[in-house]
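Pasting in a structure now, in structure tokens, and then I'll have a few things to ask.
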Amino acid sequence: MKVKLQDHILVPKHEILSEEEARELLETLGVKEEELPKIRVDDPIVKELGAKRGNIIRIIREDELVGVSIAYRLVV
Amino acid sequence: MIPKRVSGIKFEVLGPKEIRKMSVVKIITPETYDDDGFPIEFGLMDPRLGVIDPGLKCRTCGGRAGECSGHFGHIELAAPVIHVGYAKLIARLLNGTCRECGRILMKDERRDRFIEMIEERKKLGREYDDIIKEVFRITKSTKKCPHCGTEQIEVKFEKPTFYYENEHRLTPRDVRERLEKIPDEDLPAFGMDPQAVRPEWMVLTVLPVPPVTVRPSIILETGQRSEDDLTHKLVDIIRINQRFMENKEAGAPQLILEDLWELLQYHVTTYLDNEVSGIPPARHRSGRPLKTLAQRLKGKEGRFRGSLSGKRVNFSARTVISPDPNLSINEVGVPQEIAEELTVPIYVTSKNIDEVREFILRDEHPKANYVIREDGRRIRIIESNRDELAEKLSPGWIVERQLMDGDIVLFNRQPSLHRMSIMAHYVRVLPYKTFRLNPAVCPPYNADFDGDEMNLHVPQSLEAQAEAKMLMAVQDHILSPRFGGPIIGGIHDHISGLYLLTRGEKLFNKAEVMEIVRPLEVTKLPEPKYDGKWSGKQIFSMILPDITIEFKAEICQNCEVCKGVECENDAYVYIKDGVLVTGTIDENAVGAFKGIIIDEIIRKFGSEEAKKFIDNMTKLAIRAIMYTGFTVGIDDIDIPDEARKQIEQVIKEAEERVWRLIDAYNQGNLEPMPGRSTEETLEMKIMQELGRARDMAGKIAGKYLGMENAAVIMAVSGARGSMLNLTQMVACIGQQSVRGERIRRGYTYTDRTLPHFKPGDLGPEARGFIRSSYKEGLNPIEFFFHAVGGREGLVDTAVRTSQSGYLQRRLINALQDLKVDYDGMVKEQTSGLLIQFRYGQDGIDPMKSFRGKGVDVKRIIREVKTEE
């Protein structure tokens with residue numbers, strides 16, 4: 001039986017950004033791709049999403065203290 | 001001009017050619033100075049190596065002392081010696097290459113694959129240490145050279161500089177010859193760049209001699225010259241080098257030559273690093289180990305941590321601190337003596353020249369100590385030149401005036417763990433020899449007056465002064481960025497004082513009120529509440545700004561249903577329009593770290609008003625506590641016999657219950673708790689039972705002590721101490737523990753803590769329960785257990801401080817160039833790397849938050865309500 005990581009309550013929501021979204025994101029943030037925080041391509045969650053090197057992943061976290069916060073990771 | 005930027009730093013190894021090229025003189029004689037005190041040519045103090053004596057000119061570049069930074073010389077070594085710093089790498093290279101042909105012990109294709117991998121990692125800016133380690137591992141285990149087929153013999157490395165091949169010792173010359181044979185093409189596989197480093201350079205044939213400016217000699221009061229440690233070491237090297245050469249030329253036996261060679265190796269090794277394990281450190285005549293090259297760089301006082309990261313400053317002072325509640329929180333009392341030594345520069349202009357001239361002409365305290373002329377010459381003002389300097393004074397000069405009242409200074413106490421450890425205070429010049437500060441600013445500095453010392457720095461430019469005033473002033477740090485509440489507030493006596501003043505309805509006649517209110521900025525008394533008399537709450541209201549707030553005081557008993565304003569304990573504080581209506585002022589209202597009133601004032605009226613409130617509050621509190629008088633003595637912890645008996649009874653019952661538990665355990669009737677063994681269950685239940693007994697005893701004691709008791713007042717108001725401390729003094733000290741368990745260590749083989757007990761005794765007194773109180777005193781067995789428990793606490797604090805100190809150092813180094821950008825993102829300044837998308841995920845400045853929360857909903861509701 002394979003367990004989906006995303007179903008676990010402690011794992012925040014991850015999604016892959018489309019190329020369009022990725023370009024827009026980098027433009028709004030005003031940073032270069034390689035200046036983003038990174039996530040390894042062999043990270044379990046990346047493998048589950050099927051993301052490739054160079055993809056950007058959006059992580060939507062919900063937290064009691066700070067509410068909803070969004071972070072991005074570059075797959076390397 | 002286009003600013004130059006350092007894009008990278010590359011480290012290389014100096015080769016013999018380079019050493020000779022940069023050398024200005026070959027040093028051949030160990031002598032330094034001749035009988036007349038002149039440096040000997042070709043000696044270690046050769047005038048071509050630079051100048052240290054003022055007035056002389058450098059023979060190489062013509063610069064004077066200070067202008068010429070010195071020039072290197074060199075020593076031609078009679079025989080090669082190993083460089084200790086590279087000894088380990090040499091050993092690895094010897095094992096990684098063929099002893100015959102010098103090739104890497106690996107086929108060419110494989111070597112190229114590794115080189116490719118390293119190149120790729122380099123391009124990505126990643127570490128490649130692990131690949132190199134792998135290369136060394138593989139080559140070392142290869143027993144036959146794939147290039148020439150020679151069988152390899154493992155080279156054993158013995159610290160610090162010896163190499164053996166099957167008991168046969170390799171001389172540095174052998175080593176060097178082998179390293180020479182390693183071809184350039186093989187080097188990248190070992191992580192070496194053949195352009196920068198040839199491995200044979202790690203065996204020294206030429207030794208660079210640092211310029212005299214690096215090792216200046218000092219002239220003692222007796223007129224004798226005392227040379228630097230490095231010079232001493234170089235003298236040793238040259239002497240042995242000379243002797244070696246003479247012996248070699250005279251054809252001395254091999255044995256003697258070998259001894260000399262080893263001696264030369266020893267001297268060169270200790271010259272580079274005098275703390276190598278395996279050989280005794282070279283010592284000075286007095287027996288002190290010499291400080292050689294590595295020692296200059298290493299450690300806390302070394303070049304990096306001591307001279308480059310840490311610096312010493314002028315315009316600073318340090319002395320013992322003591323309290324003065326009459327100062328404002330943003331003032332600091334500076335001793336007259338210090339104020340006369342520290343100076344503030346005044347830049348003379350046509351507008352202030354007359355004022356400045358006054359300072360020069362004065363002959364006591366706020367006078368000028370120095371003038372700096374336009375040409376930069378600094379002249380001390382003395383009796384004889386005072387009038388002349390005042391005359392000559394013109395715009396463009398700088399006059400250094402003594403520190404005086406109203407100057408801004410930075411005040412600091414180590415360890416400087418957070419930004420409130422350095423704050424800007426205004427100077428008050430006072431008599432005596434200590435720095436004085438308002439006790440309300442002790443919490444941010446974590447200071448007390450048991451001998452603490454603090455540092456003071458005088459900003460030397462208008463920019464620095466303005467910055468200190470605007471950013472570092474004490475009142476701007478009342479709110480802590482750590483938890484978004486006030487860190488400055490009342491302590492100890494302030495809290496007891498206001499508690500005594502505001503508790504219940506204490507009445508004061510006009511004379512008394514005037515006496516208490518005298519130091520405050522109060523100009524008008526309110527209408528007396530009761531027939532010519534004022535209540536304590538009214539007096540406190542006089543210093544309150546116009547705020548409306550309600551909260552539970554520290555003394556609140558946490559009743560199940562809060563009666564609010566009707567509270568019987570007077571524990572519900574209600575302030576309406578700046579008047580204290582009900583409630584007692586205690587730690588929750590004005591204490592440091594808690595201080596709800598201070599919090600409210602600073603949010604409504606700003607830091608200046610909060611500062612005034614704290615100033616007034618401290619003065620009022622001290623008057624109030626002096627009015628009634630406040631003291632604690634041994635009779636404050638006396639309780640009647642009847643209470644004594646009750647406590648006795650409670651403890652006896654608890655002990656009986658414990659024994660019953662132990663019996664149940666022994667008979668196997670004890671029901672284990674989920675997830676615990678029976679032993680653990682027993683321990684937990686016993687701890688619970690005894691803990692409860694102590695609390696009960698404390699309650700009984702507290703009841704008999706009463707609310708008028710000074711110690712109780714301090715405990716409940718939060719001024720100092722806790723009810724637990726009181727319980728231990730009055731009723732029962734309770735269970736002593738080590739690592740959260742009852743004490744069980746001792747005579748393990750008989751399973752008892754002390755020989756007074758039967759083996760396996762699990763009873764309360766055998767496992768560290770103390771029935772006595774501190775006042776009664778402890779019996780010898782209790783005393784022993786108390787010492788055991790106390791020792792753990794002591795060790796814990798010692799370990800914790802050192803560990804958390806190192807942890808913080810690492811954190812600071814890792815986080816030092818992170819910055820919150822204007823767009824709210826946290827980035828690393830040098831690389832532009834994004835660390836957080838919004839600062840703290842929510843973009844909230846904790847200092848401007850309401851105890852961590854971005855919005856204070858309650859406050860907003862209150863404000864809206866009052867508007868209606």
Report task. For residues A:S69 and B:Q841, report the shortest heavy-atom separation together with the two atoms involved. Result -> OG-CG, 3.4 Å
Query raised in the report: Is the number of heavy atoms from other residues, nucleotides or ligands under 6.0 Å of B:Y839 OH greater than 12?
Result: no
Query raised in the report: Is it the side chain or the backbone of A:I70 that comes within 4.5 Å of chain B heavy atoms, both, or neither?
Result: backbone
Query raised in the report: Got B:M825 and A:L29 here, is their nearest side-chain heavy-atom distance under 4.5 Å?
Result: yes
Query raised in the report: Above 12 or not: heavy atoms from other molecules or residues under 6.0 Å from CZ of A:R53?
Result: no
Requested in this report: Mind listing the closest non-hydrogen atom pair of B:F837 and A:P37 along with its distance?
Outcome: CZ-CD, 3.8 Å
Query raised in the report: Does atom NZ of B:K552 have more than 12 heavy-atom neighbours, drawn from other residues, nucleotides or ligands, at distances under 6.0 Å?
Result: no
Report task. Evaluate whether atom NZ of A:K38 has more than 12 neighbouring non-hydrogen atoms of other residues, nucleotides or ligands under 6.0 angstrom away. Result -> yes
Requested in this report: Kindly check if the number of other-residue, nucleotide or ligand heavy atoms within 6.0 Å of CD (B:E120) is above 12?
Outcome: no
Query raised in the report: Using a cut-off of under 4.5 Å for heavy-atom pairs, which of B:L833, B:D842, B:L834 has the most such pairs with chain A?
Result: B:L834
